[in-house]
Amino acid sequence: MNPHHHSSPVCLSVYLWCNQLQRCRPEAAPVEFGDYHPLKPIMVTDTKTRRGTRKGSTSSSSSSSSSVPPDPLSSMLDGTDPLSMFAAASASETPDLGRKRKEKEEEVVGPDFEPWSAKRGEILARFTTTEKLSIVSRKAPSPGSSAVSEKVRTRLEELDDLEEGSQRELLNLSQQDYANRIEELNQSLKEAWASDQKVKALKIVIQCSKLLSDTSVIQFYPSKFVLITDILDTFGRLVYDRIWTMCLDPRPLPDSFTAEDVNDTAKETCLNWFFKIASIRELLPRLYVEAAILKCNRFLNRSGIQETLPRLTAMIRGIGDPLVAAYARAYLCRVGMEVAPHRKDSLNRNFFDLLSTFKQISGDSVQKQLVVQRVEVPEYLTLYSPAINWILQCIAYRAPEPLLTEMMERCKKLGNNALLLNSVMRAFRPEFVAARATDFIGMIKDCDEAGFPKHLLFGSLGRSLACADPPEIERLTILNEAWKVITKVRSPQDYINCAEIWVEFTCRHFTKREINTVLADIIKHMTPDRAFEDAYPQLQSVIRKILTYVHDFSVLFSMERFLPFLDMFQKDSVRVEVCRSIMEVFINALTLEDEKRSLSLLIIGFIRMVSFGRDFEQQLSFCVEARATFCNLEPVLVQLIHTVNQLAMETRRVMRGSHSRKTAAFVRACAAYSYITIPSLSSIFTRLSLYLLSGQVALANQCLSQADAFLKAAVSILPEVPRSISVEGKLRSSESFLLDFINNFLATLLVVPDHPEHGVLYLVRGLLNMVQDYTWEDNSDAKVRVYVSALPLLAAMSQETYIYSISKVDSNETLYGGDPKFLSELNRLCETLIGQILDHLKTLGGDEHSTRRQGTLAFSLFGVLLAHGDLRNNKLSQLAVNLWNLSHKHGYCDTRVSVRTLEYIKHQAQQPDMTHLSDTAQRLALQSRT
């Protein structure tokens with residue numbers, strides 16, 4: 001559909017109607033919407049026209065009325081149909097010659113108004129269902145009156161086509177599928193509009209609006225409302241933007257434009273949209289779609305919005321289901337707040353109409369529906385919360401206090417409506433609620449516990465009192481009345497949800513005595529059956545609120561129930577986090593983290609620029625003073641350790657061959673600096689890397705005792721490595737980092753001589769024992785991968801000459817000189833590791849993932865045996881062949897790697913001392929998964 005295309009029959013009819021109505025305008029008759037209801041008998045009134053009667057009309061000069069309800073379609077001939085009403089309203093608009101300052105139709109709400117978008121996610125997350133969502137398409141009956149004019153019949157038939165789209169494809173969908181389908185419709189709407197398929201766009205909107213009459217899965221209705229009104233909002237924006245762009249000729253419209261600034265083409269297109277929507281025969285889609293383009297009234301006349309709002313409000317009275325009606329009112333209030341937030345009369349009318357529908361909840365129709373869907377009344381009442389909360393928020397926004405007082409009095413008169421009372425306390429300004437806290441407590445007491453739990457009402461009251469203070473004389477009474485109800489809540493989760501809210505009120509206005517009493521009550525409720533394990537977030541919130549108001553460390557720990565309260569945090573990670581939060585409050589050593597980071601970068605830059613030439617002792621003294629000054633800036637300490645290690649290496653280079661004793665003493669002083677400083681760092685991997693680096697520096701300077709101490713320290717803290725660490729703000733497994741460190745550590749151990757008092761290979765054994773005892777991740781091969789990495793080290797240690805060494809440092813090759821006992825120890829250790837690896841390989845297999853791991857590990861061990869083992873040994877050669885076959889058994893090996901490996905073996909077999917590999921190569925076959 002192209003609403004502004006002049007050749008369309010619809011637009012031609014608009015043009016003819018407008019011309020006709022210019023000549024024949026009805027007398028304006030006031031409508032009392034307060035007494036109007038769409039289901040009441042229709043009173044037909046004939047009115048005389050200014051320029052004679054319409055051709056063919058039987059109206060006389062005098063008015064007559066009849067109580068007989070006529071055919072609503074035949075009334076169109078009398079100029080009283082919705083289309084004519086729109087055209088008449090437009091035609092009767094006369095310019096204000098005085099150009100008085102017009103009232104702003106679109107006051108913009110301020111940032112203190114919480115927008116609908118902020119509530120959307122919460123509603124979708126809260127109102128869910130596991131039921132299948134079904135949509136049954138309904139075909140509207142065709143018009144049967146012969147009195148309908150041809151133009152009207154054409155329009156209705158065209159709307160029939162729009163309304164009869166098949167919806168069977170939306171049957172039996174899960175909640176996620178339903179949401180995805182609605183989003184697809186939203187995208188389809190945008191695509192149809194972009195491709196100038198306006199008929200299809202309107203058809204989608206009408207279909208979606210009809211879905212809001214379906215309450216067959218009632219628990220999902222609030223979320224359905226959110227999803228479908230997203231589409232309505234999209235449609236409303238598209239229509240408004242389209243008409244706006246048509247007003248760019250001859251000049252763009254100002255922000256505060258009036259109808260007089262809009263050109264005729266844009267007005268005609270706008271009218272055409274309203275005519276189309278007015279011809280939708282079903283009430284609910286007609287209501288929603290017109291509300292969606294409510295803002296477009298600005299293009300037609302100045303009073304359009306203020307006249308349309310009460311008419312749409314009255315139309316909602318024709319909706320029979322109170323839940324459907326409540327959300328229709330919520331949507332009308334939402335669009336009303338966007339275009340005319342100052343129109344409080346319309347908001348109030350919607351609220352009062354809402355109050356009048358509450359009696360329907362106890363009616364037979366609703367009760368039967370709840371029985372069929374097996375929904376309890378308290379759960380059903382919560383479905384109204386988003387709609388009522390929004391309507392009340394709109395009313396309360398910058399509302400004068402007398403209006404809020406009137407609303408509160410209406411609630412009192414209604415009586416025993418906990419749902420409404422809860423929404424009032426959440427929507428009204430906290431200052432208003434706090435000043436009347438005692439009155440609200442009285443109203444809560446009068447509510448029936450069965451319909452809506454009182455602890456939820458006290459929870460809403462507590463939220464307001466956390467933001468605003470009640471009269472001081474009433475505070476203790478308020479706390480006592482609230483806690484009488486809270487302490488009787490049986491469900492631990494419901495209890496802690498409410499108690500956590502009131503902790504802040506207690507801390508704000510009372511002493512440690514009352515806080516201690518509250519803590520004791522929480523412990524009493526949350527300890528049985530270890531209920532606290534399911535409430536760590538709420539318990540942590542309690543701690544945070546206490547720390548916000550109790551700043552004296554001695555006062556905090558003098559409360560006898562505070563430490564028992566902390567004992568409920570029995571999960572290690574949570575307990576550490578709570579203790580850290582306590583320490584951060586009372587021991588703020590310097591400043592905020594961002595400022596620390598910025599300062600650290602500046603100081604590090606300065607340290608790197610400081611140089612005392614060859615006065616290395618002065619340089620070291622500077623580093624000692626800097627450490628004392630910046631002990632709370634960890635990045636600075638790391639930089640100082642690196643600086644000192646560089647200083648030690650520079651000293652060895654510059655003073656090589658001279659003053660050897662003095663040089664050695666200085667290097668030992670540098671090592672002592674690092675050894676003392678490293679433990680103060682919080683990052684475990686930073687400590688590990690610096691221990692290893694400092695050990696390597698000490699070894700390079702022939703300081704064997706210091707090197708030994710660094711490497712032992714590194715091994716000793718390996719068990720402290722957590723299974724996950726924070727990397728750029730995200731939690732990641734620490735396993736890969738730990739494996740990288742261990743491989744680097746193993747490479748260093750080749751040149752580290754054994755300590756004469758600690759036995760053969762004591763550092764290697766210490767590392768492997770740590771790997772054995774460390775708690776690796778479930779289904780992890782990390783431990784075995786370390787064992788595979790250790791085998792090349794042990795093989796290298798068995799050589800007569802090591803592949804690398806450190807000048808003036810005697811490694812084990814010199815200490816043991818190929819001693820048979822040393823070689824025998826190496827062989828036993830290798831056998832032990834290979835046995836551990838083979839045992840692990842036997843546990844793998846069964847599923848695809850486990851089989852892949854098995855093949856990868858088997859091929860890794862095969863590579864180690866090929867590179868470092870003596871395959872002239874028949875047992876070792878057979879093991880290598882078995883590992884090859886295992887790695888290729890299921891076809892998961894990289895064929896290219898396997899081919900290159902086999903080619904390498906054949907090439908090596910041609911060497912004079914490697915002929916034994918020929919036999920091995922002949923036994924290795926490439927296999928693929930069958």
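Just so it is clear, the values below take in all heavy atoms, side chains as well, and ignore hydrogens, waters and symmetry mates.
- Within the 4.5 Å cutoff, no side-chain heavy atoms of Leu861 are placed close to those of Leu857.
- Arg530 has a carboxylate O that lies under 4.0 Å from a charged side-chain N of Glu533, or vice versa, which qualifies the two as a salt bridge.
- Tyr802 places a side-chain heavy atom less than 4.5 Å from the side chain of Met797.
- No more than 12 heavy-atom neighbours from other residues, nucleotides or ligands sit within 6.0 angstrom of CD on Glu800.
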Would you give me the side-chain donor-acceptor pairs under 3.5 Å for residues 752-764, sequence neighbours excluded?
from	atom 1	to	atom 2	distance (Å)
Asp754	OD1	Leu761	N	3.3
Asp754	OD2	Leu761	N	2.8
Asp754	OD2	Tyr816	OH	2.8
His755	ND1	Glu757	N	3.1
Tyr762	OH	Asp708	OD1	2.7
Tyr762	OH	Asp708	OD2	2.3

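- Sorted by first then second residue, the side chain to side chain donor-acceptor pair (under 3.5 Å) pairs that include residues 831-846, not counting sequence neighbours, are Asp781-His840.
- Taking every heavy atom of both residues into account, Glu813 and Ser805 meet most closely at OE2-CB, 4.4 Å.
- Note: Trp776 and Tyr774 have perpendicular aromatic rings, judged against thresholds of 30 and 60 degrees for the angle between ring planes.
- A heavy-atom distance below 4.5 Å is found between the side chains of Thr901 and Trp884.
- A distance-only check finds no donor-acceptor pair linking the side chain of Asn701 to the backbone of Cys703 [under 3.5 Å].
- Counting heavy atoms of neighbouring residues, nucleotides and ligands inside a 6.0 Å radius, atom NZ of Lys906 does not exceed 12 of them.
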In a table with atom names and distances, give each donor-acceptor pair under 3.5 Å that connects a side chain of residues 604-621 to protein atoms at least two apart or in another chain.
from	atom 1	to	atom 2	distance (Å)
Arg608	NE	Gln639	OE1	3.3
Arg608	NH2	Gln639	OE1	3.2
Ser611	OG	Gly613	N	3.3
Asp615	OD1	Gln618	N	3.2
Gln619	OE1	Phe612	N	2.9
Gln619	NE2	Val610	O	3.1
Ser621	OG	Glu617	O	3.0

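- For the atom pair CG (Leu519) and CD (Glu560), the distance works out to 10.5 Å, reported to the nearest 0.5 Å.
- Using a 3.5 Å distance cut-off with no hydrogens or angles, the side chains of Thr677 and Arg627 do pair a donor with an acceptor.
- Two rings, from Phe685 and Phe741, have their centers 6.0 Å or more apart.
- Side chain of Tyr673 to main chain of Val644: no donor-acceptor pair is present (N/O by atom type, distance under 3.5 Å, no hydrogens or angles).
- The pair Glu735-Arg723 does not meet the salt-bridge criterion, since no charged nitrogen lies less than 4.0 angstrom from a carboxylate oxygen.
- Looking only at distances, a side-chain donor or acceptor of Ser734 sits under 3.5 Å from a matching main-chain atom of Pro722.
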Let me see the working for Leu794 and Asn827 under side chain to side chain contact (heavy atoms under 4.5 Å, CB included), right down to the final yes or no. CA-CA 8 Å; Leu794 298 176; Asn827 286 332; over 6 Å; no

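- When all heavy atoms are compared, the tightest approach of Met770 to Val715 is CG-O, 4.2 Å.
- A donor-acceptor pair under 3.5 Å is formed between the side chain of Gln854 and the backbone N or O of Leu841.
- Here the shortest heavy-atom pairing between Ala858 and Leu886 reads CB-CD2, 3.9 Å.
- There is a side-chain donor-acceptor pair under 3.5 Å between Thr748 and Gln696.
- In this structure, a donor-acceptor pair under 3.5 Å is absent between the side chains of Arg544 and Thr548.
- Tyr536 and Phe569 have parallel rings, their planes meeting at less than 30° on a 0 to 90° scale where 60° marks the start of perpendicular.
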